[in-house]
Amino acid sequence: MILILAGCGKTLPARSEFMLGTICTINLYQGGTAALYGAVFARLRQIEERMSSNAVDTEVARVNQNAGIMPVKVSAEVIRVLSRALYYAELSGGAFDPTVDPLVKLWGIGTEYARVPEEEEIRGALALVDWREVVIDEEAGTVFLPQAGMGIDLGAIAKGYAADEAARLIKEAGVSEALIDLGGNIYALGTKAKGAPWRIAVQDPRSSRGTYIGVLELGEKSVVTSGVYERFLDAGDQHYHHILSTVDGYPAERGLLSVTVITDTSIDADALSTTLFVLGYEEGRALVDSLENVEAIFVFQDLSVRGTPGALDVFTLTNDQYRIVG
Ligand code: AMP
Ligand code: MG
């Protein structure tokens, strides 16, 4: 994940709460009020209560519980986020797949029941993962999963959507500078005082939160990283992380430690950072290059760093264990 270097000119202290499965920190600068903090966090909570697949009584959980049984009515925004997820599933040939839930639950990475599953269990879960089977009825406002055991997991995209929603509320309240950090899913709103760029650090993917490999200098952008360090299970000498391959059912192994995506909307940055991590550098880079206004930094297991020209232009490497190779 990413940490934020100091901002300036703020009027109220930042506020942090644990939600969306992570620590969410919001920093409102000029014009921020306690009431606005309250409204933004309430909105994040509402998104969590609709989209989490971990709790039992969210809209997504109800869709999953009714897989193979019946369509379930959900909020318009659940359909919007799911549709965006399906768009990235199509774009990536299923590398990104919001129906990955049975696999995610089987591994349980990041939970107390995390374990390395048996081959046969993995095969069974994989058979239930297929984004093309999701049935959305826009008119009725329902989602249906046709096979019992199927499930939706929006964990790779919902935080991005939540960051966009936080930014929208903050702008509507007339606050023009803010930093939204939902567990490293960053939305930097406006520019800092005197037009100075935001300085957003890229987390060192080999260590826990707080050390970084370099700094991005940006105007209003979202920056999202997917990496091996966020949630993992260490078993024997193996390190199993939380981003899963929908081809073999194991943690995606493409020689990468992390991928950081920089773009205008956080929902896209979030979905894409996960997508690129699963695709790996060759395919991931080709995908980024085909998209407008999307930049990316890839950090490899051998500590080399590659990026799109637009990303490297605004990135300063500060950690001499890493090296930029292009
Ligand atoms: P992120 O941290 O945004 O890269 O998202 C990782 C989370 O997305 C995991 O914790 C899972 O909940 C979910 N996930 C894992 N593998 C995939 C995948 N191949 N496609 C979509 N979501 C995934
Ligand atoms: Mg993501």
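Start at 1 and go down the list; that is how both ligands and their atoms are numbered. Quick caveat: nothing in here was measured; it's all calculated off a predicted structure.
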Colleague: Does atom CD (Glu172) have a neighbourhood of more than 12 heavy atoms from anything else shown, all under 6.0 Å?
Modeller: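 For Glu172, atom CD is crowded (more than 12 foreign heavy atoms under 6.0 Å).
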Colleague: Return yes when atom CD of Gln65 has more than 12 non-hydrogen atoms of other residues, nucleotides or ligands closer than 6.0 Å, and no otherwise.
Modeller: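 Yes.
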Colleague: Kindly confirm or rule out an N or O of Asp153 lying under 3.5 angstrom from an N or O of ligand 1.
Modeller: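 Yes; the residue has a nitrogen or oxygen that sits under 3.5 Å from a nitrogen or oxygen of the ligand.
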Colleague: Using a 4.0 Å cutoff against the non-hydrogen atoms of Ser226, which atoms of ligand 1 qualify?
Modeller: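 Matching atoms, with element in brackets: 1 (P), 3 (O), 4 (O).
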Colleague: Heavy-atom contacts with Thr274 under 4.0 Å: which atoms of ligand 1 show up? List them by number with element.
Modeller: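 Close to Thr274: 1 (P), 3 (O), 4 (O), 5 (O).
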Colleague: Near Val100, which atoms of ligand 1 are under 4.0 Å from a heavy atom of that residue?
Modeller: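 Listed by number with element, the hits are 14 (N), 17 (C), 22 (N), 23 (C).
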Colleague: How wide is the angle at the Mg ion (ligand 2) spanned by Ala156 O and Thr274 OG1, rounded to 10 degrees?
Modeller: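 That angle is 100°.
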Colleague: For the pair Trp107 and Tyr240, name the ring-plane relationship: parallel under 30°, tilted 30 to 60°, perpendicular over 60°.
Modeller: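 Ring orientation of Trp107 relative to Tyr240: tilted.
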Colleague: Hey, is the main chain of Val294 close enough, under 3.5 Å, to the side chain of Thr263 for a donor-acceptor pair?
Modeller: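 Checking the backbone N and O of Val294 against the side chain of Thr263, no donor-acceptor pair under 3.5 Å is found.
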Colleague: For Leu244, is at least one N or O under 3.5 Å away from an N or O on ligand 1?
Modeller: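 It does: an N or O of Leu244 is found under 3.5 Å from an N or O of ligand 1.
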Colleague: Please say whether Ala95 places an N or O atom under 3.5 Å from an N or O atom belonging to ligand 1.
Modeller: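 Yes, since at least one N or O of Ala95 sits under 3.5 Å from an N or O of ligand 1.
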Colleague: Against heavy atoms of Asp270, which atoms of ligand 1 measure under 4.0 Å?
Modeller: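 Listed by number with element: 3 (O).
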Colleague: Looking at the Mg ion (ligand 2), which N/O/S atom of Asp270 is the nearest one?
Modeller: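 In Asp270, the N, O or S atom with the shortest distance to the Mg ion (ligand 2) is OD1.
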Colleague: Return the orientation label for the Phe298 and Tyr281 ring planes: parallel under 30°, perpendicular over 60°, tilted otherwise.
Modeller: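 Ring orientation, 0 to 90° scale: perpendicular.
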Colleague: How about Tyr187 and Arg168: does a side-chain donor come under 3.5 Å of a side-chain acceptor?
Modeller: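 Judged by distance alone, the side chains do not pair up.
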Colleague: First locate atom CG of Leu86, then atom CH2 of Trp131, and finally report the distance between them rounded to the nearest 0.5 Å.
Modeller: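 That separation rounds to 7.0 Å.
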Colleague: What I want to know is whether Thr246 and ligand 1 share at least one N or O pair that is separated by under 3.5 angstrom.
Modeller: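 Not met; the criterion fails.
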